[in-house]
There are 2 protein chains.
Amino acid sequence: MNSKTEDVQLNDRPARSLDAFDRKILGALTEDARLTYAEIGQAVGLSAPAVHERVKRLKAAGALIGTAARIDATSVGKPFLAFVHVDADGWGKSQRMMKLKAFPEVEEIHSVAGDTCVVLKVRTANAQAMEQFLSQLYVLPGVRGTRSFVVLSTYLERPVQAGITTNWPLIPLPPE
Amino acid sequence: MNSKTEDVQLNDRPARSLDAFDRKILGALTEDARLTYAEIGQAVGLSAPAVHERVKRLKAAGALIGTAARIDATSVGKPFLAFVHVDADGWGKSQRMMKLKAFPEVEEIHSVAGDTCVVLKVRTANAQAMEQFLSQLYVLPGVRGTRSFVVLSTYLERPVQAGITTNWPLIPLPPE
DNA sequence: CGTGAAATAGCAACGTG
DNA sequence: CACGTTGCTATTTCACG
């Protein structure tokens with residue numbers, strides 16, 4: 001039932017036109033991905049089969065990538081979190097950093113500011129494991145240096161919110 | 001059915017002793033949170049009710065925080081991602097940054113290096129919305145300045161992996 | 001870990017705008 | 001003609017033995 005092409009998303013079209021129902025459904029699934037279609041329908045004002053069809057459409061359109069368990073990192077032995085900024089030259093904007101996907105410690109890979117800098121989110125068992133990971137980074141060609149930001153405590157960590165973008169202002173600007 | 005205390009995690013105990021079955025179950029749910037207990041059991045070599053009971057245990061122990069849909073940010077109109085580093089003084093390590101949870105744009109809040117610096121993961125509709133968000137940041141007391149890292153492309157973004165921590169070395173170190 | 005009752009998912013046909 | 005609703009059947013969930 002799992003697609004082998006889960007890594008690649010060929011979204012030819014931006015998959016536009018999510019109406020209010022779609023957003024509510026996505027919002028509900030964001031809070032609990034195991035909600036019943038009947039429960040979702042009851043929450044958004046639709047019948048269960050209607051919700052089911054919309055979920056299929058959202059999946060096919062690429063708006064719904066999938067569902068995942070949210071796991072407490074400490075419980076699985078990875079309490080050490082850090083954001084690693086990687087300076088690299090001639091980093092061919094592509095294939096090379098994909099090797100980092102092989103490390104289960106690496107949760108995020110973003111290129112920042114003209115594919116010369118990369119931001120990594122890395123979660124390890126302890127500082128020593130983080131150090132070993134960093135040493136592995138330097139064997140990649142083009143890596144000039146790294147700067148790590150060790151997380152002391154996490155106050156918020158949640159998935160992408162489907163809700164409408166906030167219409168500011170919420171707080172009045174200071175009078176200067 | 002949703003707990004009002006989802007924000008607070010009082011894990012008195014590290015909820016130790018996850019055996020191989022627990023980790024496999026968590027791994028399966030990480031790939032697809034809507035898997036059937038029977039499917040999970042078939043994958044890990046357990047019966048459906050056994051999986052069901054273990055999932056309940058993992059949830060009660062705090063190892064399984066919940067399940068969530070993975071949503072394509074572009075499809076919901078938030079293609080602009082940035083990591084914002086906030087410099088603050090006397091930032092009372094706690095309550096004040098919780099106000100940022102009110103912004104749906106803010107997905108992560110981490111304190112880094114002695115609660116004088118905070119790392120934010122912020123997702124907005126466009127650069128203008130990001131600018132407006134940053135202007136709101138400065139109305140908070142104690143905020144000295146911010147440095148933003150705008151993401152150009154995301155190569156990897158996945159939930160916490162339940163798998164065993166990698167036993168290095170995977171790549172031989174250079175001979176110096 | 002099996003068993004059984006209650007609930008759910010998924011599909012087909014039908015009705016409505 | 002697209003989309004939502006209803007009714008039905010196989011599957012799943014979940015407490016119990």
Side-chain angles (χ1 to χ4, degrees), chain A residues 1-6 11-72 75 159 162-164, chain B residues 1-6 15 17-72 75-77 162:
Chain A
M1 190 171 287
N2 286 327
S3 164
K4 278 295 184 184
T5 60
E6 64 181 30
N11 288 341
D12 295 335
R13 45 175 166 71
R16 198 165 291 60
S17 76
L18 297 196
D19 63 7
F21 283 135
D22 291 324
R23 273 189 291 266
K24 283 183 183 177
I25 292 172
L26 289 177
L29 285 175
T30 299
E31 293 176 4
D32 186 353
R34 291 195 72 104
L35 279 176
T36 292
Y37 292 131
E39 290 175 308
I40 300 172
Q42 177 175 341
V44 308
L46 241 50
S47 90
V51 173
H52 182 251
E53 189 185 337
R54 275 174 181 267
V55 168
K56 278 196 300 186
R57 276 183 42 212
L58 289 169
K59 227 180 304 185
L64 213 196
I65 300 171
T67 58
R70 299 180 53 184
I71 296 176
D72 176 59
S75 298
I164 311 261
Chain B
M1 190 171 286
N2 286 328
S3 168
K4 278 294 181 183
T5 60
E6 62 181 31
S17 76
L18 298 196
D19 62 7
F21 283 135
D22 291 324
R23 272 189 290 267
K24 283 183 182 177
I25 291 172
L26 289 177
L29 286 175
T30 299
E31 293 176 4
D32 185 355
R34 291 195 72 103
L35 280 175
T36 291
Y37 293 132
E39 291 174 306
I40 301 172
Q42 177 174 342
V44 307
L46 241 47
S47 92
V51 173
H52 181 249
E53 189 185 336
R54 277 174 181 267
V55 168
K56 277 197 301 186
R57 273 186 43 218
L58 290 169
K59 226 180 305 184
L64 214 197
I65 299 171
T67 58
R70 299 180 53 184
I71 296 176
D72 177 58
S75 298
V76 293

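Here is the naming used below: chain letters follow the sequence lines, and residue numbers restart at 1 for every chain. The figures that follow rest on heavy atoms only: side chains count, while hydrogens, waters and symmetry mates do not.
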**Message:** Under the rule for side-chain contact (heavy atoms from CB on, under 4.5 Å), what residues qualify as partners of B/R34, not counting sequence neighbours?
**Reply:**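 A/L29, A/Y37, A/T67, B/D32.
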**Listed partners of A/A43 passing side-chain contact (heavy atoms from CB on, under 4.5 Å), at least two apart** =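 So A/A43 forms no side-chain contact (heavy atoms from CB on, under 4.5 Å) with any residue.
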**Message:** Return whichever of A/R34 or A/G45 has its heavy-atom-nearest nucleotide of DNA chain D closer to the 5' end.
**Reply:**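 Whichever sits nearer the 5' end wins; that is A/G45.
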Under 3.5 Å, which protein N or O atoms sit close to an N or O of nucleotides 15-17 of chain D? Give each pair with its distance.
from, atom 1, to, atom 2, distance (Å)
D/dA15, OP2, B/K56, NZ, 3.3

**Request:** Walking along DNA chain C from 5' to 3', note the first and the last nucleotide with an atom under 4.0 Å from a heavy atom of chain B, and give both.
**Result:** C/dC1 to C/dA9
**Message:** Run the side chain to side chain donor-acceptor pair (under 3.5 Å) test against B/T36 and tell me which residues pass, sequence neighbours left out.
**Reply:**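 By the side chain to side chain donor-acceptor pair (under 3.5 Å) rule, B/T36 matches B/E39.
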Pairs of donor and acceptor atoms involving the side chains of residues 44-53 of chain B, under 3.5 Å and at least two apart or interchain, shall be tabulated with distances.
none

**Prompt:** Which pair of non-hydrogen atoms, one from A/L26 and one from A/A162, has the smallest distance, and what is that distance?
**Reply:**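 Shortest heavy-atom separation between A/L26 and A/A162 comes out as CB-CB, 3.7 Å.
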**Message:** For a quick test of reading the model, state the closest non-hydrogen atom pair linking B/A69 to A/P159 and the distance between them.
**Reply:**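 That closest heavy-atom pairing would be O-CB, 4.2 Å.
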**Item:** Nearest-0.5 Å distance that lies between atom CD1 in A/I25 and atom CD1 in A/I40
**Value:**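 Rounded to the nearest 0.5 Å, the CD1-CD1 separation comes to 7.0 Å.
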**Message:** Under a 4.0 Å threshold between the charged nitrogen and the carboxylate oxygen, would A/D19 count as salt-bridged to A/R54?
**Reply:** yes
Nucleotide N/O to protein N/O under 3.5 Å, stretch nucleotides 2-4 of chain D:
from, atom 1, to, atom 2, distance (Å)
D/dG4, OP1, A/R54, NE, 3.0
D/dG4, OP1, A/R54, NH2, 2.4

Taking only distance into account, with no hydrogens and no angle test, what donor-acceptor pairs under 3.5 Å do side-chain atoms of residues 55-66 of chain B form with protein atoms, sequence neighbours excluded?
none

**Request:** In whole angstrom, give the distance that lies between atom CD of B/E39 and atom P of D/dA10.
**Result:**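 About 19 Å, once rounded to whole Å.
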